[in-house]
Protein chains: 2
Amino acid sequence: MAYGDLPGHMSMAFRAAMDRVHAKLAELGYGDVRPAHGFVFQLLSHTNGSTAVEIAAHLGVTKQAATQLLAELETKGYIRREGHPLDRRARLVSLTERGWHCVSAVVNEWRAIEDDWAALVGAERLDVVRDAVCAIVADASSKGQVTMKPLW
Amino acid sequence: MAYGDLPGHMSMAFRAAMDRVHAKLAELGYGDVRPAHGFVFQLLSHTNGSTAVEIAAHLGVTKQAATQLLAELETKGYIRREGHPLDRRARLVSLTERGWHCVSAVVNEWRAIEDDWAALVGAERLDVVRDAVCAIVADASSKGQVTMKPLW
DNA sequence: AAGGTTGGTCAATCAGGTTGACCATAAGGT
DNA sequence: ACCTTATGGTCAACCTGATTGACCAACCTT
């Protein structure tokens, strides 16, 4: 690999992994999820119950865009929107059973990928990689420049 | 970092690096380049002279989309389109001086980032990372699943 | 010379996002 | 309590970057 190509190669590695996750999802009958949905799932699986504006902030888009996304996810059966118990303006968004299944499929596949990587380069070396990447991200994060969003 | 989070963290590391490159470009007066333009530059800097359809193929978009992109890059002064010497239908696209300056600024910044990473985690460890990532990409590539495109 | 292929453009359309106006409810100051 | 302001959500219009489809001119066969 040429000097200066490491970041780009990381992107490629991620991209290959991402594609594999999507292929797996399609195989399991979740072929109708788009990349941006992942961020919604991620948030919901941690908070279990969020509002549209929170999701919009997490995605880095306007609330209108988020609302549209949620409508789509609702008709596809991944999420549910009910009246918020504490705020009658708001609608509480949460994962359906199908949504949870999809989330765990994703988590499993990311882990499977990491396992494969460990098998490929050796567990000890992958530990080094893990620590290094973690340090790099932490450093960037400390300088206030971290987005999970891979959108350019 | 949690088990299964490595690919995502790689994406974050790349994203932070990418943002830094764009910030640097803006600082140097190349603030009007968009992400997709990078792929055009990359191709042109290696081939020095490509046709619109080749670029389209490299970008993974239709030739119409590529043409539009090229028109934009031309008006911004990064590229030049002249009659192809061997094919009177085609237009040969090449980098202008400004384009070359921009490309080398990008290359320098990627290298500076890689240097910073080496300083952060140690040169030997970063060598391990480099080898590992290279192996991972090579493996994915051998299975025919590699795109440089970080677009989801 | 004739037919099919290829580089490029024009035009219409679509998808996903944005901005802006608006309503209903909530929260706070007085 | 009351009036003002802030906030969650929706509706509607629009922008941008892409797509598909039709087409032309030049190329490459044969």
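Basis for what follows: all heavy atoms, side chains included, without hydrogens, waters or symmetry-related copies. All chains are named by letter (A, B, ...) in the order of the sequence lines, taking the proteins before the strands, and each is independently numbered beginning at 1. It should be emphasised that the depicted structure is a prediction, and the values quoted were computed from it without experimental measurement.
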Problem set entry | Value in whole Å for how far the C1' atom of dA26(D) lies from CG of Leu92(B) | 16 Å

For this session: Would you kindly give the CD-to-C1' distance between Gln68(A) and dA15(C), to the nearest whole Å?
Result: 9 Å

For this session: Write down the distance between CG (Leu70(A)) and P (dG8(D)), rounded to a whole number of angstrom.
Result: 14 Å

Problem set entry | Donor-acceptor pair under 3.5 Å, Arg88(A) side chain vs dT25(C) base | no

Problem set entry | Phosphate OP1/OP2 of dA18(D) contacted by Thr62(B) side-chain N/O (<4.0 Å) | no

Exercise. More than 12 non-hydrogen atoms from neighbouring residues, nucleotides or ligands closer than 6.0 Å to CD on Glu82(B), yes or no?
Worked result: yes

Exercise. What is the distance from CD1 of Ile55(A) to C1' of dT10(D), rounded to the nearest Å?
Worked result: 16 Å

Problem set entry | Nucleotide dT19(D), atom P - distance to CG of Leu69(B) in whole Å | 11 Å

Seminar exercise, completed: From CG of Leu59(A) across to C1' of dT18(C) the rounded distance in Å is 15 Å

Exercise. Can you tell me how far CD of Glu114(A) sits from OH of Tyr3(B), rounded to the nearest 0.5 angstrom?
Worked result: 7.0 Å

For this session: Return the orientation label for the Tyr78(B) and Phe41(B) ring planes: parallel under 30°, perpendicular over 60°, tilted otherwise.
Result: tilted

Exercise. OP1 or OP2 of dG8(D) sitting under 4.0 Å from any side-chain N/O of Thr51(A)?
Worked result: no

For this session: Please state how far atom CG in Asp87(B) lies from atom P in dA26(D), giving the value in whole angstrom units.
Result: 10 Å

Problem set entry | Candidate nucleotides dG8(D), dA26(D), dT18(C), ranked by approach to the side chain of Val61(A) - the nearest | dT18(C)

Problem set entry | Arg34(A) side-chain N/O to dA15(C) phosphate OP1/OP2 under 4.0 Å | no

For this session: Decide if atom CZ of Arg125(B) counts as having more than 12 heavy atoms of other residues, nucleotides or ligands within a radius under 6.0 Å.
Result: no

Exercise. With respect to the side chain of Val53(A), which nucleotide from dG8(C), dA18(D), dG9(D) is positioned closest?
Worked result: dG9(D)

For this session: Verify, without hydrogens or angle tests, whether Asn108(B) (side chain) and Ser104(B) (backbone) share a donor-acceptor contact under 3.5 angstrom.
Result: yes

For this session: Decide yes or no, distance alone: a donor-acceptor N/O pair under 3.5 angstrom between the base of dG8(D) and the side-chain of Gln64(A).
Result: no

For this session: Output the single nucleotide from dT9(C), dT19(D), dT19(C) whose closest atom is nearest the side chain of Arg91(B).
Result: dT9(C)

Problem set entry | For atom CG of Leu86(B) and atom P of dG8(C), their distance in whole Å | 13 Å

